[in-house]
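One structure is given here, and the rest of the page talks about it.
Atoms within a ligand are numbered from 1 in the order they appear, just like the ligands themselves. These numbers come from the heavy atoms of this one structure, side chains and all, not from hydrogens, waters or symmetry mates.
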Amino acid sequence: MNSLPYQADHSPLAYSVGITLDRFIKLKQGDFPFASGELSQLLRDIALAAKIVNRETNRAGLANIGGAFGQTNSHGEEQQKLDVIANIRFIRALSKGGEVCAIVSEEEDAVIDLQNTSGKYVVAIDPLDGSSNIDVNISIGTIFSIYRRKSPVGQPIEQKDIMQPGHQQVAAGYVLYGSSTMLVYTTGNGVNGFTYENSLGEFFLSHPDIKAPLDGEIYSINEGLEHEWEPGIKSFIHTCKTQKLQSRYIGSLVADFHRNLLKGGIYLYPSTLKNPSGKLRLLYEANALAFIIEQAGGLASDGKRRILDIQANSLHQRTPLLIGSRNLVHEALINLNIKQVQIEW
Ligand SMILES: O=P(O)(O)OC[C@H]1O[C@](O)(COP(=O)(O)O)[C@@H](O)[C@@H]1O
Ligand SMILES: [Mg+2]
Ligand SMILES: [Mg+2]
(Lines give C-alpha, C1' and ligand atoms only; values in the text may rest on other atoms or scores of the structure.)
(Ligands and ions follow the chains in the order given, each with its own letter.)
Protein backbone atom coordinates (compact mmCIF):
# COMPACT_ATOMS: atom_id res chain seq x y z
CA MET A 1 0.00 0.00 0.00
CA ASN A 2 1.62 3.33 -0.95
CA SER A 3 1.33 6.86 0.37
CA LEU A 4 1.84 8.55 -2.96
CA PRO A 5 -1.01 10.31 -4.79
CA TYR A 6 -2.81 7.96 -7.19
CA GLN A 7 -1.04 7.69 -10.54
CA ALA A 8 -3.19 6.21 -13.34
CA ASP A 9 -1.33 3.13 -14.63
CA HIS A 10 -1.28 3.50 -18.40
CA SER A 11 0.88 0.41 -18.88
CA PRO A 12 -0.50 -2.09 -21.41
CA LEU A 13 -0.75 -4.63 -18.59
CA ALA A 14 -3.53 -2.74 -16.86
CA TYR A 15 -7.09 -3.16 -18.09
CA SER A 16 -6.26 -1.14 -21.12
CA VAL A 17 -7.02 2.46 -20.37
CA GLY A 18 -9.44 3.67 -22.98
CA ILE A 19 -11.72 0.71 -23.06
CA THR A 20 -15.36 1.69 -22.83
CA LEU A 21 -17.39 1.23 -19.66
CA ASP A 22 -19.67 -1.21 -21.49
CA ARG A 23 -16.72 -3.37 -22.52
CA PHE A 24 -15.20 -3.17 -19.03
CA ILE A 25 -18.49 -4.25 -17.41
CA LYS A 26 -18.65 -7.21 -19.80
CA LEU A 27 -15.02 -8.18 -19.07
CA LYS A 28 -15.51 -7.85 -15.32
CA GLN A 29 -18.70 -9.90 -15.43
CA GLY A 30 -16.39 -12.85 -15.98
CA ASP A 31 -15.11 -12.32 -12.40
CA PHE A 32 -18.50 -13.49 -11.10
CA PRO A 33 -19.02 -17.12 -12.16
CA PHE A 34 -22.75 -17.00 -11.44
CA ALA A 35 -23.22 -13.58 -13.00
CA SER A 36 -26.41 -13.38 -15.03
CA GLY A 37 -25.84 -9.95 -16.51
CA GLU A 38 -28.54 -8.20 -14.46
CA LEU A 39 -26.09 -6.20 -12.32
CA SER A 40 -24.15 -5.32 -15.48
CA GLN A 41 -27.35 -4.06 -17.08
CA LEU A 42 -28.17 -2.05 -13.94
CA LEU A 43 -24.73 -0.38 -14.06
CA ARG A 44 -25.40 0.48 -17.72
CA ASP A 45 -28.78 1.97 -16.78
CA ILE A 46 -27.06 4.18 -14.20
CA ALA A 47 -24.45 5.25 -16.77
CA LEU A 48 -27.21 6.17 -19.22
CA ALA A 49 -28.98 8.38 -16.65
CA ALA A 50 -25.61 9.93 -15.75
CA LYS A 51 -25.07 10.94 -19.39
CA ILE A 52 -28.49 12.66 -19.46
CA VAL A 53 -27.92 14.42 -16.13
CA ASN A 54 -24.45 15.44 -17.32
CA ARG A 55 -26.07 17.20 -20.28
CA GLU A 56 -28.46 19.00 -17.91
CA THR A 57 -25.69 20.05 -15.50
CA ASN A 58 -23.78 21.59 -18.39
CA ARG A 59 -26.82 23.80 -18.98
CA ALA A 60 -27.43 24.58 -15.28
CA GLY A 61 -26.79 28.27 -15.88
CA LEU A 62 -29.81 28.51 -18.17
CA ALA A 63 -33.10 29.64 -16.64
CA ASN A 64 -35.08 26.48 -17.16
CA ILE A 65 -32.45 24.28 -15.48
CA GLY A 66 -30.83 26.38 -12.73
CA GLY A 67 -32.35 27.79 -9.56
CA ALA A 68 -34.81 26.67 -6.91
CA PHE A 69 -37.69 24.35 -7.73
CA GLY A 70 -39.92 26.03 -5.14
CA GLN A 71 -40.47 22.96 -2.94
CA THR A 72 -38.67 21.43 0.05
CA ASN A 73 -37.79 17.75 0.44
CA SER A 74 -38.33 15.59 3.56
CA HIS A 75 -35.11 17.05 5.04
CA GLY A 76 -36.61 20.52 4.94
CA GLU A 77 -34.04 21.48 2.29
CA GLU A 78 -35.14 23.66 -0.60
CA GLN A 79 -35.03 21.50 -3.72
CA GLN A 80 -33.12 22.85 -6.72
CA LYS A 81 -34.57 22.27 -10.19
CA LEU A 82 -31.59 20.04 -10.96
CA ASP A 83 -32.28 17.95 -7.82
CA VAL A 84 -35.73 17.21 -9.22
CA ILE A 85 -34.53 16.68 -12.83
CA ALA A 86 -31.78 14.28 -11.72
CA ASN A 87 -34.23 12.42 -9.47
CA ILE A 88 -36.69 11.94 -12.33
CA ARG A 89 -33.96 10.88 -14.78
CA PHE A 90 -32.44 8.24 -12.51
CA ILE A 91 -35.80 6.85 -11.40
CA ARG A 92 -36.91 6.61 -15.02
CA ALA A 93 -33.71 4.84 -16.15
CA LEU A 94 -33.82 2.41 -13.19
CA SER A 95 -37.49 1.58 -13.64
CA LYS A 96 -37.23 1.21 -17.44
CA GLY A 97 -34.09 -0.96 -17.06
CA GLY A 98 -36.11 -3.68 -15.34
CA GLU A 99 -33.49 -4.91 -12.86
CA VAL A 100 -34.65 -2.90 -9.84
CA CYS A 101 -37.53 -3.63 -7.46
CA ALA A 102 -37.19 -0.62 -5.13
CA ILE A 103 -35.49 2.78 -4.98
CA VAL A 104 -34.56 4.94 -1.98
CA SER A 105 -33.89 8.54 -3.05
CA GLU A 106 -32.86 11.64 -1.11
CA GLU A 107 -35.61 13.50 -2.95
CA GLU A 108 -38.38 11.02 -2.09
CA ASP A 109 -39.91 10.77 1.38
CA ALA A 110 -40.82 7.08 1.01
CA VAL A 111 -39.37 4.02 -0.74
CA ILE A 112 -40.36 3.84 -4.42
CA ASP A 113 -41.75 0.33 -4.88
CA LEU A 114 -41.47 -0.29 -8.62
CA GLN A 115 -43.92 -3.22 -8.39
CA ASN A 116 -41.31 -5.11 -10.40
CA THR A 117 -41.37 -8.49 -8.70
CA SER A 118 -38.72 -9.89 -11.05
CA GLY A 119 -36.30 -7.11 -10.08
CA LYS A 120 -33.46 -8.44 -7.90
CA TYR A 121 -31.89 -5.16 -6.88
CA VAL A 122 -32.56 -2.25 -4.52
CA VAL A 123 -30.90 1.09 -5.31
CA ALA A 124 -30.31 3.93 -2.82
CA ILE A 125 -29.44 7.18 -4.57
CA ASP A 126 -28.51 10.81 -3.97
CA PRO A 127 -29.50 12.03 -7.45
CA LEU A 128 -27.73 15.37 -7.12
CA ASP A 129 -25.06 15.87 -4.47
CA GLY A 130 -23.72 19.32 -3.66
CA SER A 131 -26.97 21.13 -4.49
CA SER A 132 -25.77 24.35 -2.90
CA ASN A 133 -23.11 24.54 -5.62
CA ILE A 134 -25.36 24.08 -8.67
CA ASP A 135 -25.95 27.77 -9.41
CA VAL A 136 -22.35 28.76 -8.87
CA ASN A 137 -20.96 26.29 -11.39
CA ILE A 138 -18.93 24.23 -8.91
CA SER A 139 -18.54 20.45 -9.23
CA ILE A 140 -21.56 18.40 -8.18
CA GLY A 141 -22.32 14.69 -8.26
CA THR A 142 -24.59 11.66 -7.97
CA ILE A 143 -24.07 8.87 -5.39
CA PHE A 144 -25.53 5.34 -5.63
CA SER A 145 -25.59 2.11 -3.61
CA ILE A 146 -26.84 -1.24 -4.96
CA TYR A 147 -28.09 -4.15 -2.84
CA ARG A 148 -29.51 -7.54 -3.78
CA ARG A 149 -33.00 -7.96 -2.33
CA LYS A 150 -33.27 -10.35 0.65
CA SER A 151 -36.86 -11.43 0.10
CA PRO A 152 -37.53 -13.92 -2.70
CA VAL A 153 -37.99 -12.57 -6.23
CA GLY A 154 -41.67 -12.59 -7.06
CA GLN A 155 -42.65 -11.53 -3.53
CA PRO A 156 -43.52 -7.97 -2.48
CA ILE A 157 -40.50 -6.01 -1.19
CA GLU A 158 -39.97 -5.96 2.57
CA GLN A 159 -38.24 -3.73 5.13
CA LYS A 160 -35.26 -6.16 5.19
CA ASP A 161 -34.66 -5.51 1.49
CA ILE A 162 -34.23 -1.78 2.16
CA MET A 163 -32.60 -1.49 5.60
CA GLN A 164 -29.42 -3.42 4.84
CA PRO A 165 -26.05 -2.51 6.43
CA GLY A 166 -23.46 -1.11 4.01
CA HIS A 167 -21.36 -4.27 3.97
CA GLN A 168 -24.24 -5.91 2.08
CA GLN A 169 -23.75 -3.62 -0.94
CA VAL A 170 -23.02 -5.53 -4.16
CA ALA A 171 -21.93 -2.36 -5.93
CA ALA A 172 -21.60 1.36 -5.24
CA GLY A 173 -20.30 4.46 -6.93
CA TYR A 174 -20.61 8.09 -7.81
CA VAL A 175 -20.68 10.37 -10.82
CA LEU A 176 -18.71 13.62 -10.61
CA TYR A 177 -19.95 16.42 -12.89
CA GLY A 178 -16.81 18.54 -12.82
CA SER A 179 -14.31 19.93 -15.31
CA SER A 180 -14.75 16.50 -16.81
CA THR A 181 -17.47 14.03 -15.93
CA MET A 182 -16.37 10.83 -14.27
CA LEU A 183 -18.07 7.63 -13.08
CA VAL A 184 -16.23 5.80 -10.31
CA TYR A 185 -17.55 2.50 -8.97
CA THR A 186 -16.78 -0.81 -7.26
CA THR A 187 -18.41 -4.23 -7.25
CA GLY A 188 -16.17 -5.37 -4.42
CA ASN A 189 -13.24 -6.09 -6.73
CA GLY A 190 -11.33 -2.84 -6.59
CA VAL A 191 -12.27 0.68 -7.69
CA ASN A 192 -12.18 1.95 -11.29
CA GLY A 193 -12.79 5.40 -12.76
CA PHE A 194 -14.18 6.27 -16.19
CA THR A 195 -14.10 9.64 -17.91
CA TYR A 196 -16.96 10.76 -20.17
CA GLU A 197 -16.07 11.64 -23.77
CA ASN A 198 -18.90 14.03 -24.67
CA SER A 199 -18.48 13.92 -28.44
CA LEU A 200 -18.57 10.11 -28.48
CA GLY A 201 -21.15 9.82 -25.69
CA GLU A 202 -19.03 7.12 -24.03
CA PHE A 203 -17.35 6.58 -20.66
CA PHE A 204 -13.75 5.39 -21.10
CA LEU A 205 -11.56 3.73 -18.47
CA SER A 206 -9.15 6.46 -17.32
CA HIS A 207 -8.35 5.51 -13.72
CA PRO A 208 -7.89 1.73 -13.37
CA ASP A 209 -7.58 0.15 -9.93
CA ILE A 210 -7.64 3.31 -7.81
CA LYS A 211 -5.75 3.06 -4.48
CA ALA A 212 -6.13 5.75 -1.80
CA PRO A 213 -2.75 6.91 -0.48
CA LEU A 214 -2.20 5.79 3.13
CA ASP A 215 -1.46 9.35 4.20
CA GLY A 216 -2.38 12.74 2.76
CA GLU A 217 -1.79 16.47 2.94
CA ILE A 218 -5.43 17.54 2.83
CA TYR A 219 -8.24 17.90 5.35
CA SER A 220 -11.79 18.84 4.31
CA ILE A 221 -14.31 20.12 6.86
CA ASN A 222 -16.73 23.06 7.10
CA GLU A 223 -14.69 25.19 9.53
CA GLY A 224 -17.61 27.57 9.88
CA LEU A 225 -19.07 25.01 12.30
CA GLU A 226 -15.93 24.80 14.46
CA HIS A 227 -17.76 26.16 17.51
CA GLU A 228 -20.12 23.16 17.33
CA TRP A 229 -17.44 20.45 17.11
CA GLU A 230 -16.66 18.03 19.91
CA PRO A 231 -13.20 18.39 21.53
CA GLY A 232 -11.72 15.38 19.66
CA ILE A 233 -12.51 16.95 16.28
CA LYS A 234 -11.14 20.32 17.41
CA SER A 235 -7.85 18.72 18.54
CA PHE A 236 -7.54 16.67 15.33
CA ILE A 237 -8.05 19.73 13.10
CA HIS A 238 -5.57 21.61 15.26
CA THR A 239 -3.07 18.79 14.67
CA CYS A 240 -3.73 18.99 10.92
CA LYS A 241 -2.92 22.71 11.03
CA THR A 242 0.24 22.32 13.07
CA GLN A 243 1.34 19.57 10.66
CA LYS A 244 0.74 22.08 7.82
CA LEU A 245 -1.92 20.03 6.06
CA GLN A 246 -3.88 21.97 3.43
CA SER A 247 -7.50 22.92 4.11
CA ARG A 248 -9.65 22.19 1.06
CA TYR A 249 -13.48 22.26 1.21
CA ILE A 250 -15.69 22.46 -1.89
CA GLY A 251 -18.97 21.80 -0.12
CA SER A 252 -19.89 19.03 -2.56
CA LEU A 253 -19.27 15.69 -0.81
CA VAL A 254 -18.54 13.81 -4.08
CA ALA A 255 -15.99 16.40 -5.23
CA ASP A 256 -14.23 16.63 -1.84
CA PHE A 257 -14.20 12.83 -1.57
CA HIS A 258 -12.87 12.33 -5.11
CA ARG A 259 -9.98 14.75 -4.65
CA ASN A 260 -8.96 13.14 -1.37
CA LEU A 261 -9.31 9.63 -2.83
CA LEU A 262 -6.78 10.44 -5.55
CA LYS A 263 -4.43 12.79 -3.69
CA GLY A 264 -4.70 11.47 -0.11
CA GLY A 265 -6.67 13.30 2.55
CA ILE A 266 -9.57 13.16 4.97
CA TYR A 267 -13.13 14.51 4.72
CA LEU A 268 -15.03 15.06 7.96
CA TYR A 269 -18.65 15.98 8.58
CA PRO A 270 -18.86 15.32 12.32
CA SER A 271 -21.83 15.59 14.61
CA THR A 272 -22.62 19.19 15.43
CA LEU A 273 -24.98 20.89 17.87
CA LYS A 274 -27.39 21.54 14.96
CA ASN A 275 -27.00 17.99 13.60
CA PRO A 276 -26.00 15.73 16.52
CA SER A 277 -26.16 12.73 14.13
CA GLY A 278 -24.17 14.61 11.48
CA LYS A 279 -25.59 16.02 8.25
CA LEU A 280 -24.91 13.30 5.69
CA ARG A 281 -27.29 10.41 5.03
CA LEU A 282 -26.23 6.82 5.67
CA LEU A 283 -28.16 4.96 2.95
CA TYR A 284 -27.36 7.11 -0.10
CA GLU A 285 -24.27 9.12 0.79
CA ALA A 286 -22.05 7.49 3.47
CA ASN A 287 -22.47 3.76 2.61
CA ALA A 288 -21.49 4.09 -1.06
CA LEU A 289 -18.39 6.19 -0.39
CA ALA A 290 -17.40 3.93 2.53
CA PHE A 291 -17.50 0.87 0.21
CA ILE A 292 -15.38 2.73 -2.35
CA ILE A 293 -12.79 4.00 0.15
CA GLU A 294 -12.39 0.58 1.78
CA GLN A 295 -11.96 -1.04 -1.64
CA ALA A 296 -9.25 1.57 -2.29
CA GLY A 297 -7.49 0.85 1.03
CA GLY A 298 -8.87 3.73 3.11
CA LEU A 299 -11.27 3.94 6.05
CA ALA A 300 -14.76 5.29 6.83
CA SER A 301 -16.16 5.74 10.31
CA ASP A 302 -18.85 7.63 12.19
CA GLY A 303 -16.28 8.35 14.89
CA LYS A 304 -16.92 5.11 16.74
CA ARG A 305 -17.97 2.40 14.27
CA ARG A 306 -17.16 1.31 10.75
CA ILE A 307 -19.76 3.00 8.53
CA LEU A 308 -20.40 -0.29 6.67
CA ASP A 309 -21.39 -2.01 9.96
CA ILE A 310 -24.09 0.50 10.87
CA GLN A 311 -27.56 -1.09 10.77
CA ALA A 312 -29.94 1.34 9.09
CA ASN A 313 -33.26 1.87 10.81
CA SER A 314 -34.72 4.81 8.93
CA LEU A 315 -34.62 5.78 5.28
CA HIS A 316 -33.09 9.20 5.67
CA GLN A 317 -31.05 8.58 8.81
CA ARG A 318 -27.95 10.73 9.17
CA THR A 319 -24.50 9.78 10.34
CA PRO A 320 -21.29 11.62 11.24
CA LEU A 321 -18.68 10.81 8.59
CA LEU A 322 -14.88 10.62 8.79
CA ILE A 323 -13.56 9.18 5.52
CA GLY A 324 -10.34 9.01 3.55
CA SER A 325 -6.70 7.93 3.86
CA ARG A 326 -6.19 5.17 6.41
CA ASN A 327 -3.62 6.86 8.64
CA LEU A 328 -5.49 10.19 8.73
CA VAL A 329 -8.82 8.59 9.71
CA HIS A 330 -6.97 6.50 12.30
CA GLU A 331 -5.42 9.69 13.70
CA ALA A 332 -8.82 11.39 13.84
CA LEU A 333 -10.33 8.43 15.73
CA ILE A 334 -7.50 8.55 18.26
CA ASN A 335 -8.21 12.26 18.77
CA LEU A 336 -11.85 11.43 19.36
CA ASN A 337 -10.58 9.99 22.65
CA ILE A 338 -11.01 6.37 21.71
CA LYS A 339 -8.01 4.99 23.54
CA GLN A 340 -5.95 2.44 21.65
CA VAL A 341 -8.03 2.51 18.54
CA GLN A 342 -7.88 -1.01 17.26
CA ILE A 343 -8.97 -0.81 13.66
CA GLU A 344 -10.52 -4.25 13.50
CA TRP A 345 -11.87 -3.55 10.08
O1 LIG B 1 -22.90 23.36 3.56
P2 LIG B 1 -22.36 22.34 4.50
O3 LIG B 1 -23.08 22.31 5.83
O4 LIG B 1 -20.90 22.40 4.65
O5 LIG B 1 -22.72 20.91 3.85
C6 LIG B 1 -22.12 20.53 2.63
C7 LIG B 1 -22.45 19.09 2.44
O8 LIG B 1 -23.84 18.94 2.23
C9 LIG B 1 -24.10 18.31 0.97
O10 LIG B 1 -24.36 19.28 0.01
C11 LIG B 1 -25.30 17.40 1.18
O12 LIG B 1 -25.66 16.77 0.02
P13 LIG B 1 -26.89 17.24 -0.92
O14 LIG B 1 -26.44 18.40 -1.69
O15 LIG B 1 -27.10 16.01 -1.74
O16 LIG B 1 -28.07 17.50 -0.02
C17 LIG B 1 -22.80 17.58 0.63
O18 LIG B 1 -22.58 17.41 -0.72
C19 LIG B 1 -21.76 18.53 1.20
O20 LIG B 1 -20.56 17.90 1.52
MG1 LIG C 1 -25.65 14.67 -1.00
MG1 LIG D 1 -28.59 15.51 -3.01
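Taking every non-hydrogen atom of Asp126 and a distance limit under 4.0 Å, the qualifying atoms of ligand 1 come out as 15 (O).
At a 4.0 Å heavy-atom cut-off, ligand 1 does not touch Phe257 at all. Contact annotation: for Ser252 versus ligand 1, heavy atoms closer than 4.0 Å belong to the backbone alone. Neither the backbone nor the side chain of Asp256 has any atom closer than 4.0 Å to an atom of ligand 1 (non-hydrogen atoms only). Only the side chain of Asn222 comes within contact range of ligand 1, with a heavy atom under 4.0 Å; no backbone atom does.
Considering backbone and side-chain N/O of Leu280, none are found under 3.5 Å from N/O of ligand 1. At least one N/O-N/O distance between Tyr267 and ligand 1 falls below 3.5 Å. Considering backbone and side-chain atoms alike, Leu253 places an N or O below 3.5 Å from some N or O of ligand 1.
Checking each of Thr142, Asp129, Asn58 against Tyr177 for a side-chain hydrogen bond (donor to acceptor under 3.5 Å, both in side chains) leaves exactly one that passes, namely Thr142.
For the Mg ion (ligand 2), protein N, O or S atoms under 2.8 Å: 3 in total.
In this structure, Arg318 contributes its side chain and Lys279 its backbone to a donor-acceptor pair below 3.5 Å.
The aromatic rings of Tyr267 and Tyr249 sit parallel, their planes meeting at an angle under 30°, below the 60° perpendicular limit. Relative orientation of the His258 and Tyr174 rings is perpendicular, given thresholds of 30° and 60° on the angle between their planes.
Under a 4.0 Å heavy-atom criterion, Gly130 is in contact with ligand 1.
The option from Lys279, Glu285, Arg281 that lies nearest to atom 7 (C) of ligand 1, judged by heavy atoms, is Lys279. With Asp129, Ile134, Thr142, Asn133 as candidates, the residue nearest to atom 18 (O) of ligand 1 on a non-hydrogen basis is Asp129.
Glu331 and Asn327 share no side-chain donor-acceptor pair at under 3.5 Å.
In the hydrophobic cluster analysis, where Ile, Leu, Val, Met, Phe, Trp and Tyr join through side-chain heavy atoms closer than 4.5 angstrom, Met163 is grouped together with Ile157.
Phe203 has its side chain out of reach of Met182: every pair of non-hydrogen atoms, C-beta onward, lies at least 4.5 Å apart.
Atom CD of Gln79 is separated from atom CD1 of Ile85 by 11.5 Å, given to the nearest 0.5 angstrom.
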